[in-house]
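Numbering starts at 1 and runs along the sequence shown.
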Amino acid sequence: MAYKITHVSRAQEIRFPTQAAAEHYADRLGGGLDKWRVREAGAGAAAPARLPEPANRG
């Protein structure tokens, strides 16, 4: 399964063949694992929560 890392403050995303490879890059070459989010490559950003529509009172 493919994984990707996304930088938390820059618009940068890098794809890797394994989670271990993604974490290794982020930790050793990318400035630290705390600066990256690691997730499955097929996983998109979480959808924002939808609030229910207010009831029509009229």
Quiz prompt | Results of side chain to side chain donor-acceptor pair (under 3.5 Å) for Arg28 - residues two or more places apart only | solution = none
Self-check item: ILVMFWY clustering at 4.5 Å (side-chain atoms), partners of Tyr25
Solution: Met1, Tyr3, Ile5, Ile14, Phe16, Leu29, Leu33, Trp36, Val38
Self-check item: Distance in Å, Thr6 OG1 paired with Glu13 CD, rounded so as to fall on 0.5 Å steps
Solution: 4.0 Å
Self-check item: Residues which pass side chain to side chain donor-acceptor pair (under 3.5 Å) with His7, listed by chain and number, not counting sequence neighbours
Solution: Ser9
Quiz item: What side-chain hydrogen bond (donor to acceptor under 3.5 Å, both in side chains) pairs are there with at least one residue in residues 14-24, not counting sequence neighbours?
Solution: Gln19-Glu23
